[in-house]
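First comes the structure, then the notes that go with it.
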Amino acid sequence: MVQLLRIKRKTGNTIREILLNYIKQAILLLAVVIIASYGFYSLAIFNSARENQRLFLINDFITNLLEVDELIYEYVVKKDAFSYIELMNELKTLVDSANDVGSFKVSTSFQRDMEDIIGILSHYSQQIDRIHLYISDGLNPALINEIYRDTGVMSNMINKAIQTVYQQIFESSETNSIVVRNRLLYYTLILVITILLIIHCIIQQTRNMEQRITIPIQDLTKEVREINLNNIEKAEMLADIPNANAEINSLVFVYNAMLEKIKKQLYAQKEHLNTKIKLQEQEMLNLQISNKLKKSQLLNLQMQINPHFLFNTLNMISHSAYLENSKNTVSLLEATADLLRYVLDYSDKLVPLAKEIENLGKYVFLLEQRFGDRIRFIFDLDESFHQILVPNLILQPLLENAIVHGVGMYTDGGEIKIQTAYDAKTQVCRISIIDNGEGMDSFQLMQVDSVMRSSEENTGRIGLANVFLRLNIFFHNRADIRLSSIQKKRTEIAILFPYQ
Amino acid sequence: MDAYERRFTFIAPLQWNNAATGLKKADENLATNTKLVGPVQLNINGQIAAINEAIISNVDGIITAASEDSEELRSIITKAISKGIPVVFIDSDLPDSDRISYIGTNNVRAGQIAGQDMYNATSGCANIGIVVSTLDSPNQRERVEGFKEEISKHESMKILEILECHSDGLELMEKIPGILEKHPEMNGLFLTEAYSSYMVGGILKSLHITSDRLKVVAFDDIPSVLSFIQDGTYYSTVAQSQYMFGYLAVETLCEILDGYATDDIIYTDVHSIRRDNFDERNRYPNEEWQWYSY
């Protein structure tokens with residue numbers, strides 16, 4: 001049951017969320033690229049910067065060494081405290097510098113070479129101390145010079161050694177720059193690949209957005225355009241769009257709900273209309289029936305008037321015949337009068353079956369007078385149910401038919417049986433008029449039967465249809481008249497109705 | 001390096017890569033650092049200067065070899081020892097110097113082995129020529145001595161002449177054909193050191209002198225010598241183990257620094273390589289090392 005008051009939202013991101021996600025991811029990826037490029041470029045630069053720094057330090061060392069050399073010479077010449085202090089300061093700087101360089105992590109042989117140099121430096125320092133001692137003690141300049149020469153030799157040793165070291169670092173920095181260049185190439189390659197991947201991701205994301213935003217909207221629009229408002233019952237519900245956004249899902253959902261509601265309304269309206277039409281038809285039928293009734297009532301009335309005049313006339317004739325002493329004529333006239341009375345008195349009324357049979361008997365009397373030996377009349381009655389009420393004048397027309405269309409032409413041997421029976425099992429009363437007359441073939445039977453059942457007025461056999469109609473009015477369509485016929489042998493008209 | 005490694009310097013007369021391999025292996029095992037210092041050509045003054053530099057660099061130990069018997073060499077060794085730096089010699093000794101240990105071949109023994117080879121090669125009948133680098137070198141003298149000792153056991157073996165080639169290619173190319181011409185009856189040649197062993201094979205080949213005429217006993221197991229043995233130009237060579245020189249030198253220095261007493265002379269393996277025992281020879285990795293030149 002659709003409850004429009006509570007629109008259930010199918011889970012899915014709103015368009016806003018989707019877009020935000022997209023932007024977030026794009027920013028993230030961009031950040032990654034920026035950080036990565038910054039990272040490796042600075043790494044590359046750091047490496048080369050470090051190399052340069054080392055070379056500078058070694059340069060400083062060499063410069064220091066030369067300065068110390070000069071300061072030794074100065075001190076030897078000047079022999080003053082100031083020169084000595086300067087010398088010692090510079091020497092300390094030199095030693096510190098050597099230790100700094102020694103701390104580089106370059107290679108095993110580099111480390112070893114620096115240790116050797118530091119060893120020489122300590123001897124160098126020792127010699128300088130001896131010079132100082134000799135000068136302080138005022139010793140022979142020749143001795144001092146000897147040691148000075150020695151320091152010169154050591155300084156050369158150091159110089160040569162440091163040149164080798166410098167060469168090593170230079171070469172390593174050269175190889176490093178090749179390595180760095182290779183690494184740069186490698187990293188650039190990685191960066192390019194990363195960027196391509198990112199572009200791929202972005203394309204994927206855009207496709208994803210298209211899938212989730214643009215396409216659902218387009219699909220929905222297309223489907224909705226195809227709806228024919230004039231034929232809205234045939235309109236189909238929209239299918240769920242997979243992986244769409246929340247807004248589209250809501251639209252689809254609500255659209256379907258509204259469509260369903262409309263359809264239901266239309267259906268209800270149609271039903272209402274159909275019922276109305278049915279009612280009208282029923283009314284029409286009723287009118288028709290009441291019309292018919294009115295017509296037959298009218299006929300009845302008409303018929304009532306005429307018979308009264310006839311009846312009076314018959315009475316007069318009977319009286320006259322009596323005066324002429326014609327007993328036969330009197331009885332005939334009396335029978336006729338009875339018949340007529342019956343018609344007048346009970347027209348359109350209900351009579352016990354016994355009365356109807358009585359009336360039929362009077363008619364048969366007249367017929368016997370007329371037909372003599374030509375037709376024999378037999379009564380086969382089950383009088384147990386003769387108290388049942390039936391419409392009047394249902395048997396006479398049938399008997400008439402049996403004569404007119406059955407045995408009337410026979411010059412002899414004609415037989416008409418009037419039979420009543422009650423089947424207690426089915427509770428059905430049966431009144432049959434059986435004759436051994438002409439009969440009908442199956443086609444004629446069918447025709448007569450169909451005419452009987454139709455409520456048409458213009459028929460050749462007014463009686464049968466009339467009887468059928470009146471029976472069914474009284475017995476509420478539970479009565480029937482069955483016709484059967486074996487030509488020239490046996491024709492039966494049977495009235496069946498339920499015992500009430 | 002975090003831990004303090006002992007610094008040794010090997011000052012070699014030439015760039016002996018086999019010895020260097022041994023040194024480097026010992027470095028690996030004993031956590032030491034040995035610097036390789038050596039020239040392309042013999043240079044005794046340079047060698048002495050290099051030893052001096054090593055002393056001034058305050059190294060923990062010096063390894064060297066007596067390429068020459070020189071007074072300056074002796075005094076620089078003394079200087080090193082006086083500064084507390086232990087010194088060991090390999091390959092060629094300076095026995096009356098202050099060096100602590102010598103690791104090398106028993107050259108007399110080597111000569112004897114060579115003599116035995118010569119006897120086998122010539123079936124005891126030989127007129128032999130000997131090529132040395134220089135008779136000033138104690139190594140050379142000892143090898144000749146050992147050889148002579150062995151030869152003297154056999155009457156039909158005698159030494160015709162001893163040549164000095166001074167490890168000079170031109171000298172060899174001049175003197176070898178000369179000596180062969182001079183002594184047509186010479187059927188045996190003893191080369192007492194690596195350089196001549198390296199050169200002479202080629203010279204003999206160019207003179208089309210095969211082992212039918214001349215049985216050659218060479219020295220050292222450098223690749224060219226080995227190939228001369230394989231192709232039959234030489235009968236045999238006396239192989240030293242320079243690898244072990246280097247290895248044991250570092251080991252000995254460590255022992256000295258650790259306070260142990262070490263032997264004055266440590267002999268290493270010497271054996272003869274011929275064609276028949278060629279595959280059983282000692283094989284050491286053949287590597288080139290970085291040398292600091294002087």
Side-chain angles (χ1 to χ4, degrees), chain A residues 61 65 68-69 72 91 94-95 98-131 146-172 175, chain B residues 1-11 15 20 23-39 43 45-63 72 75-76 79-80 82-86 250 253 287-294:
Chain A
F61 178 85
L65 184 62
V68 170
D69 269 352
I72 295 175
L91 182 64
L94 188 67
V95 170
N99 284 327
D100 285 341
V101 175
S103 68
F104 295 164
K105 301 262 183 296
V106 176
S107 63
T108 324
S109 62
F110 173 84
Q111 195 77 19
R112 166 59 199 259
D113 289 343
M114 284 314 297
E115 282 178 22
D116 281 356
I117 288 172
I118 289 169
I120 300 175
L121 262 179
S122 83
H123 270 112
Y124 192 62
S125 307
Q126 280 176 20
Q127 295 298 71
I128 291 172
D129 286 341
R130 274 178 68 185
I131 288 175
E146 204 182 302
I147 302 180
Y148 169 70
R149 274 197 297 275
D150 206 17
T151 62
V153 167
M154 284 188 203
S155 166
N156 279 340
M157 269 188 214
I158 297 173
N159 217 335
K160 205 180 97 194
I162 202 73
Q163 294 292 346
T164 317
V165 161
Y166 188 88
Q167 191 70 19
Q168 275 184 9
I169 292 211
F170 196 75
E171 271 164 18
S172 87
T175 55
Chain B
M1 285 139 280
D2 310 71
Y4 172 71
E5 270 192 7
R6 288 168 166 161
R7 275 182 300 138
F8 301 149
T9 308
F10 171 44
I11 297 108
Q15 291 175 357
L23 287 163
K24 290 294 181 185
K25 187 70 183 164
D27 276 353
E28 229 180 272
N29 291 350
L30 303 171
T32 55
N33 181 299
T34 308
K35 193 165 179 174
L36 306 170
V37 180
N43 178 1
N45 292 327
Q47 184 174 355
I48 291 168
I51 296 175
N52 190 35
E53 189 174 329
I55 296 168
I56 294 188
S57 304
N58 266 349
V59 297
D60 299 310
I62 291 176
I63 306 163
E72 285 92 4
S75 49
I76 201 75
K79 181 177 172 186
S82 69
K83 296 267 182 193
I85 302 174
V250 174
L253 276 177
E287 281 192 59
E288 300 258 323
W289 298 100
Q290 187 203 15
W291 287 88
Y292 291 78
S293 200
Y294 58 73

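Proteins come first, then strands; the chains are lettered A, B, ... in the order of their sequence lines, and each starts at number 1. Please read all numbers here as calculations on a predicted model, not as lab measurements.
Contacts with chain A were tallied for B/Ile56, B/Asn52, B/Val59; B/Ile56 has the most, counting heavy-atom pairs under 4.5 Å.
Counting heavy atoms of neighbouring residues, nucleotides and ligands inside a 6.0 Å radius, atom CD of A/Glu146 does not exceed 12 of them. Within 6.0 Å of atom CD in B/Glu287, more than 12 heavy atoms from other residues, nucleotides or ligands are found, so the atom counts as buried in its surroundings.
Contact detail for B/Lys35 and A/Asp116: the closest heavy-atom pair is NZ-OD2, 2.9 Å. Residues B/Ile55 and A/His123 share a closest heavy-atom pair of O-CE1, 3.5 Å. Minimum heavy-atom separation, B/Asn58 to A/Ser122: ND2-OG, 3.2 Å.
Counting only heavy atoms from C-beta outward, the side chains of B/Glu5 and A/Gln111 never approach each other to under 4.5 Å.
Interface residue A/Ser109: backbone and side-chain heavy atoms are both found under 4.5 Å from chain B.
Between the side chain of A/Arg112 and the main chain of B/Phe8, a donor-acceptor pair closer than 3.5 Å is present.
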